[in-house]
Amino acid sequence: MSSIPNQQPARPLVVRFGAFGDMVLLTALIRELHAQFLCPVDILTSGPWSEPLLRAQPGVGEIFSVRSRKTPYWLAPDQRRAVHRLRARGAGPTWLCDDDDAARALLIRAGIDAEWIVDVREHRLLPGEHATEQWKRLGRILPAAWRERPLPGMLSELHGCELRVDAAQQADLDAWLGARGLLGSKMILVQIGNKRTMRRGPKRLAVNHKYWPPQRWAAVIQQLRRDRPGHPIVLLGTGPEHALNQAVAALAGVEGIHNVAGCLPIPRLIALLARAEALITVDSGPAHAAAAVGCPQVVLFGKALPSLYRPRGTAGSEAIVLTGEIDGQASMMGITPEAVIGAWQRLRPRSANAPSC
């Protein structure tokens, strides 16, 4: 059996190459490992969102980033840098949370043998299990090389994902809101688009499972304005979603809409979700982030399973999940504006003065 490097205690390593929402869900595993090992948890990951999302979170240690794990190794200097840093770090307990072999190949190059690895493919999702519960369960399984060793900490009693907002994020958000005349406002956030919606080609292609027509969004926004005459309605999104938001705002034809797509780096988005009164969104990364900071929300689901992916945070904020069908198949297009408006009117929004973390 391999031994832990003598120069320093082994720290847990989590390997996950996921989308924004996947990385929010992963905080359930990070929290579990941090509670048991009582030391920072290092992360091997990719994507423009992972590092800014996780960098300031409690329990997160070093973040080893690669742009793509599937690029041939000798054509990927970022992979080689990550492997070099992992080798210097030394082998230790590792949780591999991806379904393909590309990440495992990086671990092998870094000298992390199978006896140090807990592979999610060997511990599949249980019937009815939520994604955060799968990660929590995985965090309680130890690699073969560690099973005879004691753990210094305790099991976590918390359930769901969790994000915290630090003072720097709060200050950045205050300045940003102040510049737009929104500081102190009770904001309602709306997430219309997602990466599938913004792909090229007709939005009704079968691959765009999270598309909901602009006319329906406009009807919902008109009702939001009637229900909350003085509340700013803030349309979220990345840069490519700005034009879609503008089209919806034009269809709605109401005052007080703020299209901020492209102006929300992830730390600011997290802080905004922590400050807002409520969110209406498609199944998306911001939906999971909202749950992780306690923002009440209405979520429209397409083909994804709500039992697996419904937003679930440790704060226990309300998330009303809507589903629909077309020709007997799960489809977001089967959700009516009336259903979304009814869910919104049942939602219990929080005060703008609610705690932000």
Side-chain angles (χ1 to χ4, degrees), residues 4-5 7-18 20-47 49-65 82 85-86 89-98 103 107 110 112 116-120 123 129-169 266-267 270 274 288-289 291-294 312-316 356-357:
I4 300 173
Q7 66 268 28
Q8 62 180 8
R11 287 172 22 163
L13 173 69
V14 170
V15 183
R16 178 65 166 145
F17 294 83
F20 178 25
D22 297 324
M23 301 310 294
V24 177
L25 291 167
L26 193 71
T27 61
L29 173 60
I30 296 169
R31 183 184 61 246
E32 187 68 37
L33 295 176
H34 180 54
Q36 293 183 70
F37 283 83
L38 296 182
C39 65
V41 178
D42 298 332
I43 316 291
L44 174 61
T45 187
S46 68
W49 41 78
S50 297
E51 190 159 349
L53 174 71
L54 297 174
R55 187 188 303 121
Q57 295 305 311
V60 173
E62 287 191 82
I63 299 176
F64 307 93
S65 295
R85 291 176 63 195
L86 289 171
R89 173 186 179 276
T94 300
W95 281 259
L96 178 56
C97 303
D98 278 0
L107 297 178
I112 302 175
W116 283 114
I117 298 172
V118 177
D119 191 332
V120 69
H123 306 280
E129 190 173 40
H130 189 268
T132 57
E133 291 303 316
Q134 182 188 25
W135 293 137
K136 186 177 181 71
R137 175 169 57 86
L138 199 72
R140 297 182 175 189
I141 299 170
L142 298 176
W146 189 278
R147 286 178 188 155
E148 302 304 319
R149 301 172 183 271
L151 287 169
M154 304 282 290
L155 299 177
S156 171
E157 297 300 321
L158 297 175
H159 295 268
C161 51
E162 180 181 25
L163 293 170
R164 298 186 187 178
V165 178
D166 64 20
Q169 287 172 270
I266 283 177
I270 301 304
H288 293 295
V293 295
R312 184 180 184 189
T314 59
S356 58
C357 61

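- For the pair Arg89 and Glu62, the salt-bridge criterion is not met [side-chain N within less than 4.0 Å of a carboxylate O].
- Residues Pro12 and Cys39 approach most closely at CD-SG, 3.5 Å, considering heavy atoms.
- By the salt bridge (Lys or Arg N to Asp or Glu O under 4.0 Å) test, Asp22 is found to be paired with Arg16, residues two or more places apart in sequence or in another chain being considered.
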CA sep, side-chain torsions, deciding dist, call: Arg31, Leu158, side chain to side chain contact (heavy atoms under 4.5 Å, CB included): CA-CA 9 Å; Arg31 183 184 61 246; Leu158 297 175; 3.6 Å; yes
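- Rounding to the nearest 0.5 Å gives a distance of 8.0 Å between CG of Leu163 and CG of Leu54.
- No donor-acceptor distance shorter than 3.5 angstrom exists from the side chain of Arg312 to the backbone of Gly160, with no hydrogens or angles considered.
- Every side-chain contact (heavy atoms from CB on, under 4.5 Å) that Pro58 has, sequence neighbours left out, goes to Arg164.
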Give the C-alpha distance, both sets of side-chain angles, the deciding distance and a yes or no for side chain to side chain contact (heavy atoms under 4.5 Å, CB included) between Gln134 and Leu25. CA-CA 10 Å; Gln134 182 188 25; Leu25 291 167; over 6 Å; no
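- No donor-acceptor distance shorter than 3.5 angstrom exists from the side chain of His159 to the backbone of Thr314, with no hydrogens or angles considered.
- Side-chain contact between Ile117 and Pro143: absent, with no pair of heavy atoms (C-beta onward) separated by less than 4.5 Å.
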Chi angles and distances behind the side chain to side chain contact (heavy atoms under 4.5 Å, CB included) call for Leu107, Trp116: CA-CA 10 Å; Leu107 297 178; Trp116 283 114; over 6 Å; no
Report the C-alpha distance between Ile112 and Leu13 in whole Å, list the side-chain angles of each, state the deciding distance to 0.1 Å, and finish with yes or no for side chain to side chain contact (heavy atoms under 4.5 Å, CB included). CA-CA 10 Å; Ile112 302 175; Leu13 173 69; 3.9 Å; yes
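- Under the rule for a side-chain hydrogen bond (donor to acceptor under 3.5 Å, both in side chains), Thr27 has no partner lying at least two apart in sequence or in another chain.
- Remark: His123 engages no residue in a side-chain hydrogen bond (donor to acceptor under 3.5 Å, both in side chains) (not counting sequence neighbours).
- Taking CG of Leu155 as the start and CD of Glu157 as the end, the distance is 7.0 Å to the nearest 0.5 Å.
- Under the rule for a side-chain hydrogen bond (donor to acceptor under 3.5 Å, both in side chains), the partners of Arg140 that lie at least two apart in sequence or sit in another chain are Glu32.
- Here the closest heavy-atom approach between residue Thr45 and residue Met23 is recorded as OG1-CE, 3.4 Å.
- Of the inter-residue distances, the one linking Glu148 atom CD with Leu142 atom CG reads 10.0 Å to the nearest 0.5 angstrom.
- Atom CG of Asp42 sits about 10.5 Å away from atom CD1 of Ile30, to the nearest 0.5 Å.
- Closest heavy-atom contact between Thr132 and Ala28: O-CB, 3.7 Å.
- The minimum heavy-atom distance between Gly139 and Leu33, with the atom names listed, is O-CD2, 3.6 Å.
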Side-chain donor-acceptor pairs of residues 90-97 under 3.5 Å, sequence neighbours excluded:
residue : atom : partner : partner atom : Å
Thr94   : OG1  : Gly92   : O            : 2.9
Trp95   : NE1  : Leu138  : O            : 3.1
Trp95   : NE1  : Ile141  : O            : 3.1

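- Taking both residues in full, the closest heavy atoms of Trp135 and Leu29 are given as O-CD1, 3.4 Å, listed atom of the first, atom of the second, then distance.
- Between Glu51 and Ser65, the closest heavy-atom pair is OE1-OG, 3.4 Å.
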